[in-house]
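These figures come from a predicted structure and were not determined experimentally. Residue numbers start at 1 and run along the sequence shown. Both backbone and side-chain heavy atoms feed into the values below; hydrogens, waters and symmetry mates do not.
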Amino acid sequence: MESQDSRPLLPSLRLDDLLAELQLRLQAVLDTRDRTHALLEAVVAVGSHLELEAVLRQIVEAAVELVSARYGALGVIGEGGRLAEFVPVGLDESQIAKIHHWPEGRGLLGELITNPRPLRLSDLTADPRSSGFPDGHPPMRSFLGVPVRIRDEVFGNLYLTEKRGGDFDEEDEALVHALAAAAGVAIENARLYAEARRQQQWLRATAEVTQRLLSGDQRGEVLDLVTSQALGISGADLVVLALPAGDRKQLVIEHACGEGAAEALGLVLPAEGSASGIVMASGKPLAIDDFSGDTRVAQVAREHMPLGPAVLVPLGPSGDVRGVLTAGRHQGALPLPPAAVEMLITFAAQAGIGLELAEHRREAQRLALFEDRDRIARDLHDLVIQRLFATGMSLQGATSLIGDADVAHRVEKAVDALDETIREIRSAIFELQSHDQAELLPVRVRILGIVEEMTDSLGYPPGLRMAGQLDTRVPGPIAEQLLAALREALANAAKHARASRVDVTVEAGHDLLLTVRDNGVGLGKSTRRSGLANLAERAAELGGTMRATSAEGGGAELEWRVPLPDRHPRGPRPASLG
């Protein structure tokens, strides 16, 4: 006989199970709805930007948020199946600074590049395909990798690690896979937008540089514009332009734009063996992963230009290189995008062609001027002098027919005046025809010549830094005194300093400043200062000053300063283009 209490228990137990099952399913539906809603928000957020770098970062941030990952990254695949760009999320600047180098596409990351299919692991360190982490990399275990495609092209891969609360599951993989599909569309739109903007910027920059060159603007001002335009086109942190000096054995950074431009201006680089010299000689671009650590980069450039990834491109087509543009980013930053590098190469080549056309135009104008001078000289000789000479002869022959002595004397004076006029005209003709005499060398070249000349006396090449428009701002008389002061200062250092290093700085700003510093024995207590007295006298003759002091840490420092004439005495100076 059944118990009276047992009959109502069975329906009660079934009802509780049913309610629990319904609650589980309802929670699953709610979770799915929430994650679907989160996916839609992520897709909308990814498609809301047009700047490519912003799109790439937004994709990684959306993926990290979507699956509750601690770290995320997007690796962009470049030539040869290597990672050309790497966009990390979840690491702060101090953590990034500790990492020895960015991933290059080996190990598990290389597996995703070779086989672009989703990859999910609970412990990536235990996988035999893992190649480990570089020094300074934070520990990571759970891993989810999904390819990002643009049509049939694999653009890159999304990497997610360290899921909060467990391992990545199938639903995480499906969500990230869906996000990657939407990301491919957003990336393609951003690439098309960036390409259109670069093309527009390149066309505008090339047209402006060419127009300025052909309209007769100062070459230095146009090269300032070239450097600033290159900064905008490339997206670099610093762009410098090095031009050959003297007999092309050295390159001088004469134009710079960006962060650290002031420290880079005026640096003198050796043409032989340096990275800039290699590009100058070969006419081919050169990419450098770590500018500050590459032995091909001149030491003075590594000291004053602490860059990471950089690219050096020739200014002008191969075979007619006019200089070298260096565009770089800070240490730890990603390299310049390949599209930006290609645009920079094309822009530099076009700018070099513009320089060549401008030089040909100036040569044609000079030739026309010389031809005009020759014509004027010929006319003066053939027409004016002959007529004056004939008139003088006629007057001289008429003096014997004049009976009045006073009148005869006046005629003779007139003949003498005609002779003097003929001599003056002949002098003018000589000056007009003397245009083939060699012009004076630029001030920078003459400074380099003195430094090379004094190298044997010192026993080592002195360091040299030149800044400002020395060739255009320093008049001839001041330049002569500057060169004499430089030679005397280096001679004094060679004779008395007993130094192992001498650094020379020449700057043309409001004043012309020459600084010579050595690490020798210092000024001492000697009363024989004839060399310093000569330097002080040279400065005083030009309204300047000379100061010689003991330098911090030993040695001596000489500062020779004279004022320069204002380049624009009748109006305000134009704003700098750099």
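Around the CD atom of Glu272, the shell of radius 6.0 Å holds no more than 12 heavy atoms that belong to other residues, nucleotides or ligands. The number of heavy atoms from other shown groups lying within 6.0 Å of CD (Glu303) is above 12. By the neighbour-count criterion of 12 heavy atoms within 6.0 Å, atom CZ of Arg302 is densely surrounded, having more than that number from other residues, nucleotides or ligands. Residue Glu65 places its CD atom among 12 or fewer non-hydrogen atoms of other residues, nucleotides or ligands, all under 6.0 Å distant.
Across all their heavy atoms, Ile278 and Gly273 have their closest contact at CD1-O, 4.3 Å. Of all non-hydrogen atoms in Pro147 and Ala180, the two that sit nearest each other are O-CB, 3.5 Å. Here the shortest heavy-atom pairing between Ile478 and Pro563 reads CD1-O, 3.8 Å. Taking both residues in full, the closest heavy atoms of Leu124 and Phe143 are given as CD2-CB, 3.6 Å, listed atom of the first, atom of the second, then distance. Heavy atoms only, all atoms of each residue included: Val506 and Leu470 are closest at CG1-CD2, 3.8 Å. What you find for Ser234 and Ala340 is that their closest heavy atoms are O-CB, 3.7 Å.
In this structure, Glu453 does not pair ionically with Arg446, as no charged nitrogen and carboxylate oxygen lie closer than 4.0 Å. Between Asp503 and Arg517, none of the side-chain N atoms (NZ, or NE/NH1/NH2) sits under 4.0 Å from a carboxylate O, so this pair counts as no salt bridge. For the pair Glu162 and Arg164, the salt-bridge criterion is not met [side-chain N within less than 4.0 Å of a carboxylate O].
When each of Arg329, Met305, His330 is checked for a side chain to side chain contact (heavy atoms under 4.5 Å, CB included) with Leu238, only Met305 meets the rule.
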Exercise for the section: For side chain to side chain contact (heavy atoms under 4.5 Å, CB included), just list the numbers for Leu158 and Ile59, CA-CA rounded to whole Å, side-chain angles, deciding distance to a tenth of an Å, and then say yes or no. Expected result: CA-CA 9 Å; Leu158 265 173; Ile59 290 169; 4.1 Å; yes

Handout entry: Arg538 vs Trp560, side chain to side chain contact (heavy atoms under 4.5 Å, CB included): CA-CA, chis, key distance, verdict
Key = CA-CA 9 Å; Arg538 292 183 185 279; Trp560 190 86; 4.2 Å; yes

Handout entry: Test side chain to side chain contact (heavy atoms under 4.5 Å, CB included) applied to Val252 and Leu243, step by step
Key = CA-CA 5 Å; Val252 181; Leu243 301 176; 6.0 Å; no

Problem - Verdict with reasoning, Val521 to His496, per side chain to side chain contact (heavy atoms under 4.5 Å, CB included) - result: CA-CA 8 Å; Val521 296; His496 309 298; over 6 Å; no

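Contact of the Gln250 side chain with the Glu452 side chain is registered, since non-hydrogen atoms from C-beta on lie closer than 4.5 Å. For the pair Leu325/Val240, no side-chain contact is recorded, criterion being any heavy-atom separation below 4.5 Å from C-beta on. In this structure, Pro462 and Thr455 have side chains that are in contact, with non-hydrogen atoms separated by less than 4.5 Å. Residues Leu490 and Ser457 are not in side-chain contact: their nearest non-hydrogen atoms beyond the backbone lie 4.5 Å or more apart. For the pair Ile447/Leu486, a side-chain contact is recorded, criterion being any heavy-atom separation below 4.5 Å from C-beta on. Side-chain contact between Leu344 and Val311: present, with at least one pair of heavy atoms (C-beta onward) separated by less than 4.5 Å. With a 4.5 Å cut-off on side-chain heavy atoms, Gln331 and Ser292 count as touching. The shortest distance between side-chain heavy atoms of Thr505 and Leu464 does not fall below 4.5 Å.
Rounded to the nearest 0.5 Å, atoms CG (Leu482) and CZ (Arg487) are 10.5 Å apart. Note: Leu267 CG to Ser276 OG = 10.5 Å, rounded to the nearest 0.5 Å. For the atom pair CZ (Arg296) and CD1 (Ile288), the distance works out to 5.0 Å, reported to the nearest 0.5 Å. For the atom pair Leu483 CG and Glu488 CD, the distance stands at 13.0 Å (nearest 0.5 Å). Distance CD1/Ile233 to CD/Glu342: 13.0 Å, rounded to 0.5 Å. Between the OG1 atom of Thr227 and the CD1 atom of Ile253 there is a distance of 10.5 Å, given to the nearest 0.5 Å.
Judged by distance alone, the side chain of Ser274 and the main-chain N or O of Leu269 form no donor-acceptor pair under 3.5 Å. Checking side-chain atoms of Arg473 against main-chain N and O of Gly509 turns up a donor-acceptor pair under 3.5 Å. Distance alone, capped at 3.5 Å, places no donor-acceptor pair between the Asp289 side chain and the Pro309 backbone. At least one donor-acceptor pair under 3.5 Å links the side chain of Asp518 to the backbone N or O of Ala556. Side chain of Arg57 to main chain of Pro88: a donor-acceptor pair is present (N/O by atom type, distance under 3.5 Å, no hydrogens or angles). Looking at Arg465, its side chain does come within 3.5 Å of a backbone N or O of Leu265 through a donor-acceptor pair.
Checked by atom type, the side-chain pair Arg547/Thr549 shows a donor-acceptor distance below 3.5 Å.
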